[in-house]
Protein chains: 2
Amino acid sequence: MPAEAKVSAKVNKPAKVEARAAAPASPPLTERQEARRRRILHASAQLASRGGFDAVQMREVAESSQVALGTLYRYFPSKIHLLVATMQDQLEHMHGTLRKKPPQGETAAERVAETLMRAFRALQREPHLADAMVRALTFADRSVSPEVDQVSRQTTAIILDAMGQENPTPEQLSAVRVIEHTWHSALVTWLSGRASIAQVKIDIETVCRLIDLTSPTTP
Amino acid sequence: MPAEAKVSAKVNKPAKVEARAAAPASPPLTERQEARRRRILHASAQLASRGGFDAVQMREVAESSQVALGTLYRYFPSKIHLLVATMQDQLEHMHGTLRKKPPQGETAAERVAETLMRAFRALQREPHLADAMVRALTFADRSVSPEVDQVSRQTTAIILDAMGQENPTPEQLSAVRVIEHTWHSALVTWLSGRASIAQVKIDIETVCRLIDLTSPTTP
DNA sequence: CGCTAATCTAGAACAAGTTTCAGACTTGAT
DNA sequence: ATCAAGTCTGAAACTTGTTCTAGATTAGCG
């Protein structure tokens, strides 16, 4: 069997079959391949941190990560794929960070709101990066669905963690879905300068009330 | 003063100052200019109805509407501006349609959910058009803020109409904001094939509960 | 060690959004 | 009717995402 071959055959066009779980999905990569992938994601995040979505130019990413343009496209079939993967990367990081200091709130709603606001503050520190990732996420078409879905699952996991709810009811899951919707959309409006930070905070707190509504006494 | 001049000087780069109300914002256009604008919007919607966002190619729009490419850009400074304007157009239409048959629901929440589902069904009839408009809306950057904001106001108006609430409380307005967030984000997930129609329905109904939560007895 | 299949590279080529420019055309004012 | 100022047109040019190609390189296998 060939060199860094069959392995990254999956890297290129992730076979539909294997687009499910988190990391264990794609087959193991060569060390060098893993390194390339890291360099690419790093370059992506770095460029994004500067000028946001537009600053992440494929040629620049390729150059920064010392990889040929064609190779970049083999790893990430489009700019959107690349940025969504960058978001996955950052999200994992954030989930780890959040886990360390569990939210203090009394109610589940408070804890979720607190967690999301913490995440929001993190994004505020790198607004350009946030811009690139969120724009990519909402602009993604069907061809990126598996990756976007993965981001969504990760977000859900973070919220459920904050709720401290082991076995959420279907109603609670609906509430979580709506919270995610609000979270994404609120970020978009903030990033495009149509809503203030305070406004985002209010929106998050408002939507989090749905948790109380669906948790204790189900009306 | 020159011909179709000073008039469309505003057409080009809508002076920041006049980006507020609905239609009365920009100064009156020449008849021919108004006609050009209509042709452009019509071509845009037509192309979008076919192949969605990607099918709306500026050169094609220009050709279809019998306008030079440069002129198209004078009227709409970017593809995003064009599609957002197309959405404004469609939204107005829809608001008119919705007004004719007010929702029947007992509670405000039911009426809002019913209205949004009606709008949703309308979008389902032209999924490609919906795709183009929604993608443009969420991808828009700061340079399109005024126009996007206009769309947002129009959406708010539709929801408040459905609520039948003349003087909404700040809390209710927050709920409406969250409903809009959910509405947009749910559309995005549906368009990208990550949520079913049924799922969107559930999300809408879920978020609409916030209205009941903020209307009668303020907890 | 040498083979073979696949990867990686460098660079050209293509596609669509956006910009630019010179010249023809309109329109309102004089 | 003429004029000045601004608009519209047609076409080329530029930018950036994406694709394609030929050849150099790499990795596992016999």
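Everything quoted here is computed from the prediction, not taken from an experiment. Lettering follows sequence order; numbering is per chain, from 1. These values consider heavy atoms only, across backbone and side chains, with no hydrogens, waters or symmetry-generated copies.
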_Length of the line joining B:Arg32:CZ and D:dT7:P, which is rounded to integer Å_ = 14 Å
*Hey, mind stepping through B:Gln154 and B:Gln88 against side chain to side chain contact (heavy atoms under 4.5 Å, CB included) and telling me if it holds?*
CA-CA 8 Å; B:Gln154 183 87 15; B:Gln88 288 179 0; over 6 Å; no
_Side-chain N,O (A:Tyr75) to OP1/OP2 (C:dT7) below 4.0 Å_ = no
*Can you sort out the partners of A:Glu180 under side chain to side chain donor-acceptor pair (under 3.5 Å), two or more places apart, ordered by chain and number?*
A:Ser152, A:Thr156
*Round to the nearest Å and state the distance from A:Leu82 atom CG to D:dT16 atom C1'.*
14 Å
*asked:* Suppose the criterion is side-chain hydrogen bond (donor to acceptor under 3.5 Å, both in side chains): which pairs have a residue in residues 46-67 of chain B, not counting sequence neighbours?
replied: none
*Sorted by first residue and then second, give each ring-ring contact (aromatic ring centres under 6.0 Å, His included) pair with at least one member in residues 121-163 of chain B; sequence neighbours left out.*
A:Phe53-B:Phe139, A:Phe139-B:Phe139
*Measure from CZ on B:Arg37 to P on D:dT7 and round the result to the nearest Å.*
16 Å
*To the nearest Å, how far apart are A:Arg74 CZ and D:dT21 P?*
14 Å
*Please state how far atom CD in B:Glu63 lies from atom P in D:dA11, giving the value in whole angstrom units.*
11 Å
*For residues 197-207 of chain A, which residue pairs qualify under side-chain hydrogen bond (donor to acceptor under 3.5 Å, both in side chains), counting only residues two or more places apart or in two chains?*
A:Gln199-B:Arg177, A:Asp203-B:Arg177, A:Asp203-B:His181
*asked:* Without decimals, in angstroms, what is the distance between B:Leu72 CG and D:dA11 C1'?
replied: 16 Å
_Between P of C:dT26 and CD of B:Gln33, the distance in whole Å_ = 13 Å
Between the protein and nucleotides 16-20 of chain C, list the N/O to N/O atom pairs that are separated by less than 3.5 angstrom.
from: C:dA16; atom 1: OP1; to: B:Gln57; atom 2: NE2; distance (Å): 3.1
from: C:dA16; atom 1: N7; to: B:Arg59; atom 2: NH2; distance (Å): 3.4
from: C:dG17; atom 1: OP1; to: B:Val56; atom 2: O; distance (Å): 3.2
from: C:dG17; atom 1: OP1; to: B:Lys79; atom 2: NZ; distance (Å): 2.8
from: C:dG17; atom 1: OP2; to: B:Met58; atom 2: N; distance (Å): 3.1
from: C:dG17; atom 1: N7; to: B:Arg59; atom 2: NH2; distance (Å): 2.6
from: C:dG17; atom 1: O6; to: B:Arg59; atom 2: NH2; distance (Å): 2.7
from: C:dT18; atom 1: OP2; to: B:Tyr73; atom 2: OH; distance (Å): 2.9
from: C:dT18; atom 1: OP2; to: B:Lys79; atom 2: N; distance (Å): 2.9
from: C:dT18; atom 1: O5'; to: B:Tyr73; atom 2: OH; distance (Å): 3.4
from: C:dT18; atom 1: O4; to: B:Arg59; atom 2: NH1; distance (Å): 3.3

*Of all residues at least two apart in sequence or in a different chain, which pass the side chain to side chain donor-acceptor pair (under 3.5 Å) check with A:Thr115?*
none
*To the nearest Å, how far apart are B:Gln66 CD and D:dT9 P?*
9 Å
